Amino acid sequence: METRRLGRTGHASSVAILGAAAFWQGDAEVAKRGFAAALDAGVNHLDIAPQYGEAEKVVGPLVPAVRDRLFVGCKTMRKNADGVRAQMEESLRLLGCDHFDLYQLHAVTSRDDLELRADAARAILQARDEGLCRFVGITGHDLGAPAAHAEALRRYDLDTVMFPVNPRMWADPAYRHDAEALLTLAAERDVGVMAIKAGAARPWADGAERWATTWYEPHAEVEPLERGIRFALSTPGVVAFCTPGDASVLPKALDVANRFTPMTADARDEASRAVAHEEILRSPR
């Protein structure tokens, strides 16, 4: 699988990051198969969080044997410093790690969120100084994430950002403006950029049969899934995308990543026009 430099972290991250939200139900066999499939495909980067159900418990036993070749990124949604530290230490224990490669403020989507997480940010930066994590980042799902993350970069010495990049989001002029401004700022500061929701189709329709474990409806067919992933990976400044949080979609996403070819700018614009009619994806919070 292609790798790209994750900004100033210096890590050569696989273009597909294993999104452990796919294992939130806690099925150890599903996690074992998905984890092995990802590593076999060339993935060298794990994205996991306490908010992903039972994922830490079922993925944790699989990590130590491959820790030396796996970049491990974890997250917290807690606000106070003591709570952040306690949760970080618990995640380290569950994942069998003595440090994280990346620890992130999770689900920051507005300046208000950023204000509420000030103590958490300082606690994570302190953890980096102590060696409990090597790098510090920020993540967020909603429409306000790019602007909030840009403000976070101005306030804090962050190493990475993670936010939605897909054709539908880029069809929204305000979102695209803020996202491209964030990408420019990240490039100036050599901050690594990771995309989420590359494989998202739309919010679940009311009454729809939820065939996947994601909180949004992912693309089920390979062609639109490939369009979304190629779009994200062809966005200037994006290093990698997190695989969708559903175990049945994971193999398709890995296959797409392994045969990735870049989209032209015109093809990206066409991809956005093709899905502009879809309802835009908002965070479930």
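Model, not experiment: these values are computed from the prediction. By convention here, the first residue in the shown sequence is residue 1.
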Beyond-backbone contact of Arg69 with Leu39, side-chain heavy atoms, under 4.5 angstrom: yes
Basic-acidic side-chain contact under 4.0 Å: Arg122, Asp119: yes
Lys/Arg-Asp/Glu bridge criterion (N-O < 4.0 Å) met for Glu226, Arg259: yes
Sub-4.5 Å side-chain heavy-atom contact between Ile196 and Phe241: no
Distance-only donor-acceptor check, side chains Ser13 and His11, under 3.5 Å: yes
Note, Leu250 side chain near Phe23 side chain (heavy atom, < 4.5 Å): yes
Beyond-backbone contact of Asp190 with Arg5, side-chain heavy atoms, under 4.5 angstrom: yes
Donor-acceptor contact present, side-chain Arg168 to main-chain His277, <3.5 Å: no
Pair Trp215 and His141, ring centroids less than 6.0 Å apart: yes
From CA spacing to verdict: salt bridge (Lys or Arg N to Asp or Glu O under 4.0 Å), Lys32, Glu29: CA-CA 5 Å; Lys32 185 176 180 179; Glu29 284 304 311; 5.0 Å; no
pair Pro218-Lys197: side-chain heavy atoms closer than 4.5 Å: no
Shortest non-hydrogen contact between Ala147 and Asp178, atoms and distance: CB-OD2, 4.0 Å
Under 3.5 Å donor-acceptor, Thr264 side chain and Ala267 backbone: yes
Heavy-atom donor-acceptor pair, Asn80 side chain to Asp82 backbone, under 3.5 Å: yes
Within one Ile-Leu-Val-Met-Phe-Trp-Tyr cluster: Leu46 and Met1, side-chain cutoff 4.5 Å: yes
Whether Trp170 and Tyr175 hold their rings parallel, tilted or perpendicular, with breakpoints at 30° and 60°: perpendicular
side-chain contact (heavy atoms from CB on, under 4.5 Å) partner of Leu132, the single match among Arg128, Arg134, Glu130: Glu130
Hydrophobic cluster membership, Met162 vs Met77, 4.5 Å side-chain cutoff: no
Worked verdict on Thr213 versus Gln25 for side chain to side chain donor-acceptor pair (under 3.5 Å): CA-CA 8 Å; Thr213 56; Gln25 290 181 313; 5.5 Å; no
Euclidean distance, Met169 CE relative to Phe163 CZ, rounded to 0.5 Å: 9.5 Å
Ile48 with Val43, same ILVMFWY side-chain cluster at under 4.5 Å: yes
same_hphob_cluster(Val161, Leu102) at 4.5 Å side-chain heavy-atom cutoff: no
Test log, rule salt bridge (Lys or Arg N to Asp or Glu O under 4.0 Å), inputs Glu2 and Arg4: CA-CA 7 Å; Glu2 179 185 343; Arg4 298 176 178 176; 2.9 Å; yes
Side-chain touch Val191/Asp159, heavy atoms, less than 4.5 angstrom: no
Side chains of His219 and Arg227 in contact at under 4.5 Å (non-hydrogen atoms): yes
Worked verdict on Val58 versus Asp27 for side chain to side chain contact (heavy atoms under 4.5 Å, CB included): CA-CA 7 Å; Val58 293; Asp27 187 315; over 6 Å; no
Euclidean distance, Phe35 CZ relative to Asp40 CG, rounded to 0.5 Å: 10.5 Å
Nearest non-hydrogen partners of Asn44 and Ala12, listed with the distance: ND2-O, 2.9 Å
Backbone of Val108 reached by a side-chain donor or acceptor of His149 within 3.5 Å: yes
Approximate separation, where rounding is to 0.5 Å, of Leu94 CG and Gln87 CD: 10.0 Å
Any side-chain donor near an acceptor of the partner, Ser248 and Asp246, under 3.5 Å: yes
Atom pair CG/CG of Leu18 and Leu254 - distance to nearest 0.5 Å: 7.5 Å
Backbone N/O of Gly73 and side chain of Asp101: donor-acceptor pair under 3.5 Å: no
Rounded distance (nearest 0.5 Å) linking atom NE2 of His45 with atom OG1 of Thr243: 10.5 Å
Side chains of Gln104 and Thr139, donor plus acceptor under 3.5 Å: no
Working for side chain to side chain contact (heavy atoms under 4.5 Å, CB included), residues Asp269 and Ser272: CA-CA 5 Å; Asp269 288 343; Ser272 283; 5.7 Å; no
Within-4.5 Å side-chain heavy-atom neighbours: Leu114 and Ile138: yes
For Met194, the option from Val165, Leu6, Val238, Asp47 that meets side-chain contact (heavy atoms from CB on, under 4.5 Å): Leu6
Salt bridge flag under 4.0 Å for residues Arg202 and Glu278: yes
Heavy-atom donor-acceptor pair, Thr3 side chain to Ser14 backbone, under 3.5 Å: no
Worked check of side chain to side chain contact (heavy atoms under 4.5 Å, CB included) between Asp157 and Val136: CA-CA 8 Å; Asp157 181 29; Val136 172; over 6 Å; no
same_hphob_cluster(Met88, Phe71) at 4.5 Å side-chain heavy-atom cutoff: no
Trace of the side chain to side chain contact (heavy atoms under 4.5 Å, CB included) decision for Gln51 with Thr76: CA-CA 8 Å; Gln51 289 72 37; Thr76 184; 5.5 Å; no
Approximate separation, where rounding is to 0.5 Å, of Asp255 CG and Leu225 CG: 9.5 Å
Distance-only donor-acceptor check, side chains Arg268 and Thr235, under 3.5 Å: yes
Contact summary for Ala257 and Ala16, nearest pair of heavy atoms: CB-CB, 3.8 Å
Salt-bridge contact Glu89-Arg85 (side-chain N to carboxylate O under 4.0 Å): yes
Minimum heavy-atom distance between Pro50 and Cys74, given as atom pair plus value: CD-SG, 4.1 Å
Shortest non-hydrogen contact between Pro64 and Leu95, atoms and distance: CD-O, 4.1 Å
Of Tyr156, Tyr103, Phe100, the residue whose pairing with Ile124 passes side-chain contact (heavy atoms from CB on, under 4.5 Å): Tyr103
Main-chain N/O of Thr109 paired with Asp113 side-chain donor or acceptor, under 3.5 Å: yes
Asp68, CG atom: more than 12 neighbouring heavy atoms under 6.0 Å: yes
Closest approach of Arg67 to Cys97 (non-hydrogen atoms, all atoms of both residues): NE-SG, 3.4 Å
Candidate pair Arg155 and Glu151, rule salt bridge (Lys or Arg N to Asp or Glu O under 4.0 Å), full reasoning: CA-CA 6 Å; Arg155 295 187 187 187; Glu151 179 62 23; 2.9 Å; yes
